[in-house]
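Following: one structure in structure tokens, then a few remarks.
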Amino acid sequence: MNNFQYKNPTKILFGKGEIANLSKEIPQNAKVLLLYGGGSIKKNGIYEQVTAALDGVEVVPFGGIPANPEYEVLMEALGVIKSQEIDFLLAVGGGSVIDGTKFLAAAALYEGDTPWELLTAGKPVAKGMPFGAVLTLPATGSEMNSNSVITRKETQEKLAMSGAGIFPVFSVLDPQVIRSIPERQLANGIADAFTHVLEQYMTYPIGALLQDRMAESVLQTLLEVAPAILKDPTDYQAASNFMWSCTMALNGLLPLGVPTDWAVHAMGHELTAMYGIDHARTLAIMAPSHYRFNFETKKEKLAQFAERVWGITQGNVDEKAHAAIDKTEAFFHELGIATKLSQYTDDFQGTAETIEKRFTDRGWLGLGEHQSLKPSDVAQIVTMAY
Ligand code: NZQ
Ligand code: ZN
């Protein structure tokens, strides 16, 4: 096992009715900017629950943060933070609203003129305004991590930042919120969380027995609850296991002391930036090709995944490893998620070359757990995913 240091400062309020406890977590006399997305919270009752819980607190609402949070919109919100002297941010939404809020937390304290530099600098974000979250869509783990992914339409870019300064102070996780989530977004959430685990597990054996088994448990739990969630999102038992699995998939516990990959996300983000494809679906497009291309370096973990998660006991290492990739792709299909780029756009020719050039220009010359995937390899993987 490799050395590691770990600190996660986010307080979790988990369970039925926890939204009502919001005000206890917000500093007294704070002026709060309540950030939300396209309006789902106004239709499903979450907005009323949040405002009722914040009775007596000075709240300024800011809606309209789109899925794949957009820099231009966030810059408007930054103007409100400054002009209204806001001192606490509250994200009420899925990964997009929470990531947008993290960006704002950092941008509010950023000393340069162009906060986009936070995303291009490649430096950990050390400081941010305090903020909390009410999670409405289990998927990204953003509610308990310090990552933020921001999109800039103008330049067709989608870039990530992270750092100790942008952990939420608290996050409220009431599994009942999933009742109103459309089936497509539920499937996305399952696929995203599943892939988060794979990115931190599907590398090479390093003798981290507990981390491996924790990762496998999250994968098994997601597989077990997925059919129940899709059939009936009011099933509280399934909803609560789904929600906590998504958080555990990306709250920083699984990568401790082990190599991680994250190439599937790096390539997937480009597909969202270029074609607007839902984040989780880009992962389902890239993951099978990525594992097939990197078969030799990943096959031991693929075979372990086959045995322990899929229950495949027949065959040698290569056969088990291939079967695990096929099972994973079939699982995405069962979720209703297509796994080829050409199923999302007719305009896919040239995608591999564009991504190869972008990675080269950014100096992303060695991706994956061995930092060995060159932009030309990335182009081959993307081509395999057409
Ligand atoms: O905008 P509203 O109207 O609220 O509707 C949203 C949105 O259209 C809707 N929704 C959310 N909660 C709902 C609901 N509809 C009904 N009932 C509810 N309770 O769902 C749609 C998608 O929401 P979004 O927040 O975009 O989804 P998700 O949570 O999947 O977040 C995706 C974003 O997170 C980034 C992705 O790149 C993408 O930008 N990621 C963030 C990560 C992180 N911070 O660690 C890691 C991930 O790998 C990912 O990259
Ligand atoms: Zn993801």
Side-chain angles (χ1 to χ4, degrees), residues 9-11 22-23 25-42 46-47 50-51 53-121 123-136 140 142-154 157-172:
T10 303
K11 176 174 177 181
L22 249 183
S23 65
E25 306 302 324
I26 291 179
Q28 276 199 337
N29 303 322
K31 188 168 180 186
V32 176
L33 188 66
L34 191 170
L35 294 134
Y36 61 97
S40 69
I41 63 164
K42 295 253 170 112
I46 297 174
Y47 187 80
V50 168
T51 46
L54 293 178
D55 190 28
V57 179
E58 192 175 0
V59 175
V60 178
F62 185 97
I65 297 177
N68 306 309
E70 166 59 35
Y71 180 65
E72 292 299 324
V73 177
L74 295 170
M75 290 305 282
E76 281 173 40
L78 184 61
V80 176
I81 292 172
K82 294 198 166 159
S83 65
Q84 303 251 12
E85 299 181 354
I86 298 291
D87 39 34
F88 195 89
L89 308 178
L90 180 65
V92 184
S96 293
V97 173
I98 303 175
D99 281 12
T101 302
K102 289 175 175 175
F103 169 78
L104 289 170
L109 303 189
Y110 185 64
E111 276 151 23
D113 294 331
T114 317
W116 184 251
E117 290 159 8
L118 285 161
L119 292 137
T120 53
K123 282 196 230 139
V125 184
K127 54 181 182 175
M129 276 181 69
F131 68 96
V134 176
L135 180 68
T136 66
T140 63
S142 189
E143 65 278 7
M144 199 180 172
N145 70 37
S146 62
N147 308 326
S148 167
V149 190
I150 305 299
T151 294
R152 196 171 184 179
K153 272 201 198 124
E154 188 193 346
E157 283 172 290
K158 179 167 180 152
L159 297 176
M161 62 183 195
S162 66
I166 50 171
F167 275 102
V169 176
F170 67 85
S171 284
V172 182

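Atoms CD and OG1, on Glu143 and Thr136 in that order, are 10.0 Å from each other to the nearest 0.5 Å. Separating the CG atom in Leu104 from the CE atom in Met129 is a distance of 8.5 Å, to the nearest 0.5 Å. Note: Met161 CE to Leu119 CG = 5.5 Å, rounded to the nearest 0.5 Å. Atoms OG and CG, on Ser162 and Asn147 in that order, are 5.0 Å from each other to the nearest 0.5 Å. The distance from atom CD of Glu70 to atom CD of Glu154, rounded to the nearest 0.5 Å, is 8.5 Å. Taking CD of Glu72 as the start and NZ of Lys153 as the end, the distance is 9.5 Å to the nearest 0.5 Å.
Two residues are said to be in side-chain contact when any heavy atoms from C-beta on lie closer than 4.5 Å; Ile41 and Val134 fail this criterion. Using a 4.5 Å cut-off on side-chain heavy atoms (C-beta onward), Ile98 and Thr140 make no contact. Looking only at side-chain heavy atoms (C-beta outward), Val125 and Ser146 stay at 4.5 Å or farther from each other. Leu22 places a side-chain heavy atom less than 4.5 Å from the side chain of Leu90. Residues Phe62 and Val97 form no side-chain contact, since every pair of their non-hydrogen atoms from C-beta on lies 4.5 Å or further apart.
Between Ala105 and Leu89, the shortest heavy-atom distance links the atoms N-CD1, 3.7 Å. Contact detail for Ala53 and Ser23: the closest heavy-atom pair is O-CB, 3.3 Å. In terms of heavy-atom proximity, Ile65 sits nearest to Ser96 at CG2-O, 4.1 Å. The nearest pair of heavy atoms linking Pro130 to Asp87 is CG-O, 3.8 Å.
For the side chain to side chain contact (heavy atoms under 4.5 Å, CB included) with Lys102, the lone residue among Ile150, Asn145, Leu118, Val149 that qualifies is Asn145.
Sorted by first then second residue, the ring-ring contact (aromatic ring centres under 6.0 Å, His included) pairs that include residues 70-100, not counting sequence neighbours, are Tyr71-Phe103, Tyr71-Trp116.
For Thr10, the side chain to side chain contact (heavy atoms under 4.5 Å, CB included) criterion is met by Asn8, Ile12, Met144, Phe167, Pro168, Ser171, not counting sequence neighbours.
Within a 6.0 Å sphere centred on NZ of Lys11, heavy atoms belonging to other residues, nucleotides or ligands number 12 at most. Heavy atoms from other residues, nucleotides or ligands lying under 6.0 Å from CD of Glu58 number 12 at most.
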Side-chain donor/acceptor pairs under 3.5 Å, residues 32-39, sequence neighbours excluded:
| from | atom 1 | to | atom 2 | distance (Å) |
| --- | --- | --- | --- | --- |
| Tyr36 | OH | Lys42 | NZ | 3.1 |

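With hydrogens and angles ignored, the 3.5 Å screen pairs a side-chain donor or acceptor of Lys31 with a backbone N or O of Gln84.
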